[in-house]
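One-based numbering along the sequence shown. Note that this is a predicted model, so its numbers are computed, not measured.
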Amino acid sequence: VQLQASGGGLVQAGGSLRVSCVASGRTFSTYAMGWFRQAPGKEREFVATISWSESTTYYTESVRGRFTISRENAKNTVYLYMNSLKPEDTAVYYCAAGRIVTTNERGYIYWGQGTLVTVSS
């Protein structure tokens with residue numbers, strides 16, 4: 001599985017952005033998908049995850065209520081809708097695919113290249 005993330009950019013604080021991740025291959029619908037981010041000078045951290053059936057989602061506390069993860073299995077795509085963005089959301093956002101729904105990055109097998117989101121104050 002190859003993952004291609006896109007949609008990052010520069011947005012003002014309080015604004016919204018949607019990042020997308022398109023997967024190659026016909027097995028996308030069998031994978032749990034996750035979004036992680038890495039801010040400058042910090043370690044990569046979990047943001048959100050969604051099960052293959054969309055029945056289960058988890059969010060890190062700092063984005064709960066502001067971010068929404070969703071997926072379209074017919075399009076091999078997972079999305080992260082980001083609202084009420086804050087400067088501290090600035091990071092490279094990575095999508096990842098794994099066999100189980102988990103907040104632990106070690107549970108993910110395939111990773112995209114990342115897309116940069118910059119939130120200005």
Side-chain angles (χ1 to χ4, degrees):
V1 176
Q2 290 186 323
L3 304 175
Q4 180 73 41
S6 63
L10 175 64
V11 62
Q12 288 188 331
S16 299
L17 201 63
R18 184 191 76 174
V19 291
S20 305
C21 176
V22 179
S24 64
R26 295 180 290 179
T27 60
F28 172 79
S29 62
T30 67
Y31 287 94
M33 297 298 297
W35 284 99
F36 291 76
R37 67 186 180 186
Q38 187 168 21
K42 295 187 177 181
E43 293 187 351
R44 188 162 58 189
E45 65 172 354
F46 165 77
V47 177
T49 185
I50 186 168
S51 62
W52 67 270
S53 65
E54 302 181 76
S55 61
T56 301
T57 58
Y58 294 116
Y59 298 90
T60 192
E61 182 62 34
S62 63
V63 309
R64 193 171 296 128
R66 299 189 298 122
F67 290 12
T68 301
I69 188 171
S70 67
R71 64 190 296 165
E72 287 189 74
N73 288 338
K75 295 184 177 181
N76 282 12
T77 303
V78 62
Y79 305 99
L80 185 68
Y81 295 86
M82 302 180 288
N83 297 314
S84 302
L85 282 161
K86 305 175 181 180
E88 52 263 43
D89 294 318
T90 295
V92 177
Y93 284 72
Y94 298 91
C95 58
R99 289 297 187 187
I100 59 173
V101 178
T102 178
T103 63
N104 190 330
E105 67 175 64
R106 289 181 291 181
Y108 292 87
I109 307 168
Y110 304 103
W111 291 83
Q113 86 290 358
T115 185
L116 176 62
V117 173
T118 303
V119 184
S120 63
S121 58

Exercise for the section: Quick one: closest heavy-atom pair of Thr30 and Arg99, and the distance? Expected result: OG1-NH1, 3.4 Å
Problem - Flag, side chain of Ser24 to backbone of Gln2, donor-acceptor distance under 3.5 Å - result: yes
Problem - Check: Ser55 side chain, Ser53 main-chain N or O, donor-acceptor pair, under 3.5 Å - result: no
Exercise for the section: For the residue pair Val117 and Met82, establish whether any side-chain heavy-atom pair is separated by less than 4.5 Å. Expected result: yes
Exercise for the section: Check whether any side-chain heavy atom of Phe36 lies under 4.5 Å from a side-chain heavy atom of Thr103, and answer yes or no. Expected result: no
Exercise for the section: First locate atom OG of Ser20, then atom CD of Gln4, and finally report the distance between them rounded to the nearest 0.5 Å. Expected result: 11.0 Å
Exercise for the section: Please round to the nearest 0.5 Å and tell me the distance separating atom OG of Ser62 and atom NZ of Lys86. Expected result: 7.5 Å
Problem - Sub-4.5 Å side-chain heavy-atom contact between Arg37 and Val63 - result: yes
Handout entry: Glu105 side, atom CD; Thr49 side, atom OG1 - distance, nearest 0.5 Å
Key = 12.5 Å
Exercise for the section: Side-chain contact test, heavy atoms from C-beta onward, threshold under 4.5 Å: evaluate it for Leu3 versus Tyr94 and give yes or no. Expected result: no
Handout entry: Co-membership, hydrophobic cluster, residues Val1 and Phe28, 4.5 Å side-chain
Key = yes
Handout entry: Hphob cluster co-occupancy, Tyr79 + Phe67, side-chain heavy atoms under 4.5 angstrom
Key = no
Handout entry: same_hphob_cluster(Leu116, Leu80) at 4.5 Å side-chain heavy-atom cutoff
Key = no
Handout entry: Spatial distance of atom SG (Cys21) from atom CH2 (Trp111) [nearest 0.5 Å]
Key = 11.0 Å
Completion exercise
Nearest heavy-atom contact between Pro87 and Ser121 is CG-CB, 3.8 Å
Exercise for the section: Examine distances only and state if a side-chain atom of Tyr59 and a backbone atom of Ile69 form a donor-acceptor pair shorter than 3.5 Å. Expected result: yes
Practice task
Taking all non-hydrogen atoms of both residues into account, name the closest pair between Asp89 and Arg66 and its distance.
Solution key: OD2-NH1, 2.8 Å
Handout entry: Separation of Asn73 CG from Met33 CE (nearest 0.5 Å)
Key = 9.5 Å
Practice task
Report the C-alpha separation of Tyr58 and Phe46 in whole Å, then their side-chain angles, then the decisive distance to 0.1 Å, and conclude whether the ring-ring contact (aromatic ring centres under 6.0 Å, His included) test is met.
Solution key: CA-CA 10 Å; Tyr58 294 116; Phe46 165 77; 7.8 Å; no
Practice task
Taking Arg44 for its side chain and Val92 for its backbone only, find out whether a donor-acceptor pair lies under 3.5 Å.
Solution key: no
Handout entry: Heavy-atom closest pair, residues Tyr108 and Thr102
Key = OH-O, 2.6 Å
Practice task
Say whether, by atom type as modelled, one donor and one acceptor occur between the side chain of Tyr31 and the main chain of Ala96 under 3.5 angstrom.
Solution key: no
Exercise for the section: Drop me the distance from Thr56's OG1 to Ile50's CD1, to the nearest 0.5 angstrom. Expected result: 9.0 Å
